[in-house]
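Below: one structure, written as structure tokens.
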Amino acid sequence: MPVQKIDARPVWRRRTTVRQWAIWAGWLALAIAAVWCWQVMNRNTMWVFVEDAPQQAADLLSRAWPPRWSYLDRLWAPLWDTLNIATLGTLLGIVIAVPVAFLAASNTTPSKLLLRPLALFIIVASRSINSLIWALLLVAIIGPGLLAGIIAIALRSIGFIGKLLYEAIEEVDAAQVEAVRATGASGMQVMDYAIVPQVLPAFAGISVFRWDINIRESTILGLVGAGGIGVQLESSLARLAWSEIAVIFAVILVTVVFSEWVSGRVRQAII
């Protein structure tokens, strides 16, 4: 009787048994965490108001329609202030963020033990606080007005621009840097001829993108007294003038769409 040979070839499996069980345990833990978070989130929810929400929304829309388009004449000056807040705040943020980014990049910082951690701390501190919180603090310190809004936008922009720019600096082609350094160029000349030309397109795209974001953020800074069209929005909300609020929302929407178009065209031209 012939002896049958057992095929001893290994069978390919995507995951080991232990790893598969670990994945299932992770999904189970995620489901349990989601259920727990949902319970915590809805612990104090008054569902009677949630059930009435469609009727309240319909009533609100009925009072906001038709929009009071005659109110549009009072929005041009605040809208111009909003654009100035976003533009000047972005420029001020760029002026501060550029040196901070070069200090934070590991290949351009003059001190990895002191200046680089300090620059990284500035970037993290700027990004951790929302522009509305910055505006609230600045209004309390220097008073209400456009200056508080401009500085708030700048302080928020430092972290955004600084982080993306220093990452772009660290990703430059080292061969080009070494080629310029091999000619006997000084540190500033290496920076000028090898590093800056490589990061300039990224810098332009980052700056325009941040300006686009600041347009949106500056529209609400007036809610805390930092100037712009948000002041008119806060006034209309206080008077429950929903037809005026509809006009303000329309103006903000058109402004944001326009800034998005400008930002996209500029980035397309750069790329």
Is there a chain of hydrophobic side chains (I, L, V, M, F, W, Y, each step under 4.5 Å between heavy atoms) that links Ile169 to Leu200?
-> yes
How would you list, by chain and number, every residue that makes a salt bridge (Lys or Arg N to Asp or Glu O under 4.0 Å) with Glu171, sequence neighbours excluded?
-> none
Give the cluster check for Trp76 versus Val247: same hydrophobic cluster or not, with ILVMFWY residues linked at side-chain heavy-atom distances below 4.5 Å.
-> yes
Examine Phe209 and Val257 and state if one hydrophobic cluster contains both, with Ile, Leu, Val, Met, Phe, Trp and Tyr joined whenever side-chain heavy atoms are less than 4.5 Å apart.
-> no
Working to the nearest 0.5 Å, report the span between CD1 of Ile153 and CG of Asn84.
-> 12.5 Å
Listed by chain and number, what are the ring-ring contact (aromatic ring centres under 6.0 Å, His included) partners of Trp21, not counting sequence neighbours?
-> Trp24
Heavy-atom closest pair, residues Ile123 and Ala104 = CD1-CB, 4.0 Å
Going hydrophobic residue to hydrophobic residue with side-chain gaps under 4.5 angstrom, can you get from Trp36 over to Trp27?
-> no
How many angstroms lie between CG in Leu221 and CG in Leu138, if you round to the nearest 0.5 Å?
-> 10.0 Å
Taking the side chain as C-beta and beyond, is there a heavy-atom pair between Tyr166 and Thr109 under 4.5 Å?
-> no
Between Ala148 and Gly143, the two heavy atoms sitting closest are CB-O, 3.8 Å
Might you point out which heavy atoms bring Ile158 and Ala97 nearest each other, and give the distance in Å?
-> O-CB, 3.7 Å
Rounded to the nearest 0.5 Å, what separation is found between the CZ atom of Arg210 and the CD1 atom of Ile94?
-> 10.5 Å
If you group Ile, Leu, Val, Met, Phe, Trp and Tyr by side-chain heavy-atom gaps below 4.5 Å, do Leu92 and Leu147 land in one group?
-> yes
Between CG on residue Leu155 and CD1 on residue Ile122, distance to nearest 0.5 Å | 11.0 Å
When rounded to the nearest 0.5 angstrom, what distance separates CZ in Arg156 from OG in Ser126?
-> 7.0 Å
Heavy-atom neighbours of Leu28 CG exceed 12 at 6.0 Å = yes
Going from CG on Leu136 to CD1 on Ile129, what distance comes out if it is rounded to the nearest 0.5 angstrom?
-> 11.5 Å
Where is the tightest heavy-atom contact between Ser218 and Ile85, given as atom of each residue plus distance?
-> CB-CG2, 3.9 Å
From the options Thr219, Leu88, Ile215, Asn214, select the one residue that forms a side chain to side chain contact (heavy atoms under 4.5 Å, CB included) with Leu83.
-> Ile215
Smallest separation among heavy atoms of Asp212 and Val256, with atom names | OD1-O, 4.4 Å
Side chain to side chain, Thr255 and Thr82, heavy atoms closer than 4.5 Å = no
Closest approach of Ser157 to Gly93 (non-hydrogen atoms, all atoms of both residues) = CB-CA, 4.4 Å
Val98 and side chain to side chain contact (heavy atoms under 4.5 Å, CB included): which partner among Leu103, Ile161, Leu165?
-> Leu165
